[in-house]
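Written out below as structure tokens is the structure these notes cover.
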Amino acid sequence: MQRIEELLTGTVIKGAAQRWQADISREQVQLQKTKKDFEGDLTLVVFPLMRHARKSPEETARELGTWLESELSEVSSFNVIKGFLNIVISTAYWQQVIAHVAEEKNYGLTEPGPGAPLMMVEYSSPNTNKPLHLGHIRNNLLGYSISRILEANGNKVIKVNLVNDRGIHICKSMLAWQKYGNGETPESSRKKGDKLVGDYYVKFDQEYKKQVRELTEGGMDRKKAEETAPLIREAREMLLKWEADDPEVRHLWETMNGWVYDGFDTTYQRMGVSFDKMYYESETYKLGRELVREGLKKGVLEQEEDGSVWADLTDRKLDRKLLLRSDGTSVYMTQDIGTAHQRFSEYPIEEHIYVVGNEQNYHFQVLAHVLDKLGFEWYDKLYHLSYGMVELPEGKMKSREGTVVDADDLMDEMIRTARQMSDELGKLEGYGEEEKQVIYRQIGMGALKYFILKVDPKKNMLFDPKESIDFNGNTGPFIQYTYARIRSVLRSAGEYDSVIPRVDLNEKETDVIRLVHDFPVTVGTAAREHNPSVIANFMYDLAKEFNQFYHDHSILSAEDPDIRLFRIHLSRIIGDIIERGMGLLGIEVPERM
RNA sequence: GGUUCCGUAGCUCAGCUGGAUAGAGCAACAGCCUUCUAAGCUGUAGGUCGAAGGUUCGAAUCCUUCCGGAAUCACCA
């Protein structure tokens with residue numbers, strides 16, 4: 001089925017050629033949705049065509065309107081206001097849209113075929129010392145959602161997670177546990193593993209600061225004190241032992257990481273995110289060194305007298321970037337070069353998306369340039385899905401100052417609020433406790449996820465813990481509620497004929513169908529722009545529009561049986577789209593709420 | 001200081017590949033449940049789109065400068 005926009009554009013081009021002997025491009029045909037206050041479905045802006053028509057805007061518009069009306073049965077009428085040609089699309093066309101949607105299995109989505117392009121999405125990438133907080137929630141939800149959106153556009157997607165499980169910071173929590181832990185385990189203290197390890201990381205910091213303070217009070221300067229405090233020296237020793245494969249250190253490391261992974265898994269599961277492949281920095285941190293050395297040989301990188309290796313990007317308006325330290329060890333960038341190379345060798349990757357905060361914009365810019373310098377032609381297949389910080393009213397979240405919003409706590413609170421609201425409204429009276437739990441979780445998580453995903457990723461966003469996340473208005477539960485009402489209607493409808501009758505459409509019905517018609521385009525836009533908020537905002541518009549229809553017109557008690565049947569089908573279709581669209585955001589929809 | 005991003009209603013956000021009178025939600029106020037779930041619907045009020053120039057028939061949208069905020073520019077990860 002050809003979309004009406006295509007049809008109109010083609011016909012306008014044909015008309016321009018026939019009537020004015022003008023060769024106009026598709027870009028010059030500016031079609032947009034008609035504003036609510038005017039009559040029509042689509043509006044053609046004729047200003048760009050005036051120099052071809054050599055007539056006034058009004059005359060140009062009228063001429064094209066007449067032409068379109070005569071050429072296309074889909075155009076039922078038109079009106080002209082200034083340079084705007086408002087086109088009214090026929091009921092038959094909208095009917096056809098509905099028939100088409102009903103036939104298609106997963107309307108709006110494109111299944112990945114056998115030759116589907118492969119996309120790799122790296123997200124989450126946690127640090128094993130730090131329990132997940134609200135910032136990570138944004139990362140995880142974005143990563144998961146963009147994966148779903150890419151899949152919905154016919155791509156094969158591999159979701160990967162690169163865990164930061166090594167380095168001096170890990171040794172800090174290990175050391176603190178050895179010194180102050182008294183053998184505490186997640187079992188013994190009934191604490192989540194990631195929280196337990198995180199607590200020792202904090203403990204290290206406290207004790208270390210104490211030592212530094214004692215040293216400075218004894219007359220040592222601050223920098224020296226920070227360098228020579230016993231704890232930091234021990235941590236460094238431990239790192240050396242770790243790198244030397246010391247069995248005792250390695251054993252402790254594995255044990256504590258195991259606790260953390262158990263904790264993370266629980267949180268991931270609650271968030272509803274998953275990965276196809278895990279990478280660990282302890283296994284990848286040596287990658288990239290060889291590539292850098294080769295680059296040095298090829299002469300695209302340079303070496304200082306002290307042995308350190310650099311990429312000179314000053315000709316590309318960037319700085320020089322260190323790739324190997326003077327002692328030959330690598331930095332973060334080196335590892336990223338290595339892992340990217342490894343992945344591109346292993347898979348035929350069409351696009352590699354890194355879901356990482358905007359604090360690393362510079363890093364990824366440099367990464368692409370260095371890869372280009374090294375001669376990897378796939379350097380431009382990296383895409384940094386950069387997102388802004390989640391800020392609190394008092395500013396940025398800082399783990400050390402305890403101003404973080406913990407992921408688990410927040411999820412608990414959302415679900416608790418969902419329960420409280422539901423109980424107050426008495427919505428789920430008579431349901432079993434287990435069934436209720438599922439719904440509370442769906443609603444609480446829906447509110448949280450929608451809250452995060454409706455915002456353009458690149459923007460910083462504000463979260464005020466004092467004002468809990470809303471459940472009314474432009475929210476996840478609003479959309480879920482619309483779905484639940486549709487399901488409720490369909491349950492009451494019982495058996496109904498599968499053939500959709502052709503009936504006249506009222507205004508609200510047409511409004512809703514127009515949005516149905518836009519759904520596939522929206523899914524495409526979200527993928528192209530790597531932006532789930534496009535879907536979120538569309539879902540809101542759709543739910544809003546349907547609610548108006550629902551309010552103004554009765555579905556089941558429509559007098560005309562054909563209209564009744566049509567509205568049942570229309571509702572079912574909207575419900576399906578809501579379910580599918582929310583699925584792209586990782587949000588479940590409840591049958592009732 | 002250099003680079004990048006952001007600045008739209010009291011608050012949180014849409015709109016930004018230029019198009020008609022700048023839209024939602026929250027909060028405030030006023031209404032709508034004997035009728036498919038009121039977590040809904042309707043209305044009122046709320047805006048010099050950070051500021052000034054420029055390009056254009058037309059600028060919240062593009063360009064320049066300035067102001068405000070954020071991030072980043074480590075032999076940290």
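All chains are named by letter (A, B, ...) in the order of the sequence lines, taking the proteins before the strands, and each is independently numbered beginning at 1.
Atom P of nucleotide rC73(B) and atom CZ of Arg320(A) are separated by 17 Å, given to the nearest angstrom. In this structure, Arg485(A) places its CZ atom 8 Å from P of rG40(B), rounding to the nearest Å. Atom CD in Glu591(A) sits about 14 Å away from atom C1' in rU37(B), given to the nearest Å. Rounded to whole Å, atom P of rU72(B) lies 19 Å from atom CG of Leu313(A). A straight line from CZ of Arg138(A) to C1' of rU12(B) spans 13 Å, rounded to a whole angstrom. Distance CG (Leu448(A)) to P (rA39(B)): 22 Å, rounded to an integer number of Å. Rounded to a whole Å, the CD1 atom of Ile81(A) is 11 Å from the P atom of rU21(B). For Asn547(A) and rG40(B), the CG to P distance is 8 Å, given to the nearest whole Å.
The separation of rU48(B) from rU4(B), taken at their C1' atoms, amounts to 29 Å, rounded to a whole angstrom. Across rA71(B) and rG25(B), the matching P atoms stand 33 Å from one another, rounded to whole Å. As rounded to the nearest Å, rC41(B) and rA22(B) have C1' atoms that lie 24 Å from one another. Taking atom C1' on both nucleotides, rC66(B) is separated from rU72(B) by 22 Å, rounded to a whole Å. Taking atom C1' on both rC36(B) and rA45(B), the two are 34 Å apart, rounded to the nearest angstrom. rC16(B) and rG53(B) have their P atoms separated by 26 Å, with the value rounded to a whole Å. Atom name C1', nucleotides rU12(B) and rG1(B): the rounded distance is 34 Å, in whole Å. The gap from the P atom of rG18(B) to that of rC29(B) amounts to 43 Å, rounded to the nearest Å.
Taking the charged nitrogens against the carboxylate oxygens, Arg222(A) and Glu226(A) do have a contact shorter than 4.0 Å, which makes a salt bridge. Under a 4.0 Å N-O distance rule, the pair Arg166(A)/Glu281(A) does not qualify as a salt bridge. Under the 4.0 Å criterion applied to side-chain N and carboxylate O atoms, Glu5(A) and Lys33(A) are not assigned as salt-bridge partners. Using a 4.0 Å cut-off between charged side-chain N and carboxylate O, Glu545(A) and Lys36(A) make a salt bridge.
rC33(B) adopts a syn glycosidic conformation, its chi angle falling within 90° of 0.
Here Phe47(A) lies parallel enough and close enough to stack on the base of rG19(B), with planes under 30° and ring centres under 5.5 Å apart. A stacking contact links Phe38(A) to rA20(B): the aromatic ring centre lies within less than 5.5 Å of the base's six-membered ring centre, and the planes differ by less than 30°. Stacking of the aromatic ring of Phe84(A) onto the base of rA20(B) is found: the ring centres lie under 5.5 Å apart and the planes are inclined by under 30°.
Residue-level contact check: Ile443(A) touches the bases, meaning some heavy atom is under 4.0 Å from a base atom. In this structure, Met593(A) reaches the bases: a heavy-atom distance under 4.0 Å links it to at least one base atom across the strands shown. Asn129(A) comes within contact range of no nucleotide atom at all, as no heavy-atom separation falls under 4.0 Å. Residue contacts shown for Lys459(A) include a base, since a base heavy atom lies under 4.0 Å away. Nucleic acid contact for Val45(A): base, since at least one base atom lies under 4.0 Å from a heavy atom of the residue. As judged by a 4.0 angstrom heavy-atom cut-off over every strand, Thr482(A) is placed among residues making no nucleic acid contact. When heavy atoms are screened at a 4.0 angstrom cut-off, His384(A) is found touching no nucleic acid atom at all. At a threshold of 4.0 angstrom between heavy atoms, the contacts of Ser571(A) with the nucleic acid are absent. Residue Ser557(A) is out of contact with every strand shown, counting any heavy-atom pair closer than 4.0 Å. Within 4.0 Å (heavy atoms only), Lys427(A) reaches at least one base atom of the nucleic acid. Here Ile555(A) lies in heavy-atom contact (under 4.0 Å) with a base. Within the nucleic acid shown, Gln30(A) comes within 4.0 Å of at least one base atom, counting heavy atoms only. At the heavy-atom level, Tyr362(A) lies under 4.0 Å from the strands shown only through sugar-phosphate atoms.
Side-chain contact check for Phe546(A) versus Arg485(A): every heavy-atom pair is 4.5 Å or farther apart. You'll find the side chain of Asn164(A) reaches within 4.5 Å of the side chain of His169(A), heavy atoms only. Between Ser330(A) and Arg289(A) the shortest side-chain heavy-atom distance falls below 4.5 Å. In this structure, the side chains of Ile452(A) and Phe463(A) stay at 4.5 Å or more apart for every pair of heavy atoms.
Positionally, the nearest nucleotide of RNA chain B for Val534(A) lies more toward the 5' end than for the other of Ser492(A) and Val534(A).
In this structure rU72(B) sits in a base pair with rG2(B), meeting the Watson-Crick or G-U test at under 3.5 Å. Using the Watson-Crick or G-U wobble rule with both distances under 3.5 Å, rG40(B) pairs with rC32(B).
Lys35(A) has a side-chain polar atom (N or O) that falls below the 4.0 Å cut-off from OP1 or OP2 of rA20(B).
Donor-acceptor pairing under 3.5 Å, judged by distance alone, is absent between the side chain of Asp541(A) and the base of rA14(B). Side chain Thr475(A) to base rA39(B): no donor-acceptor pair is found below 3.5 Å.
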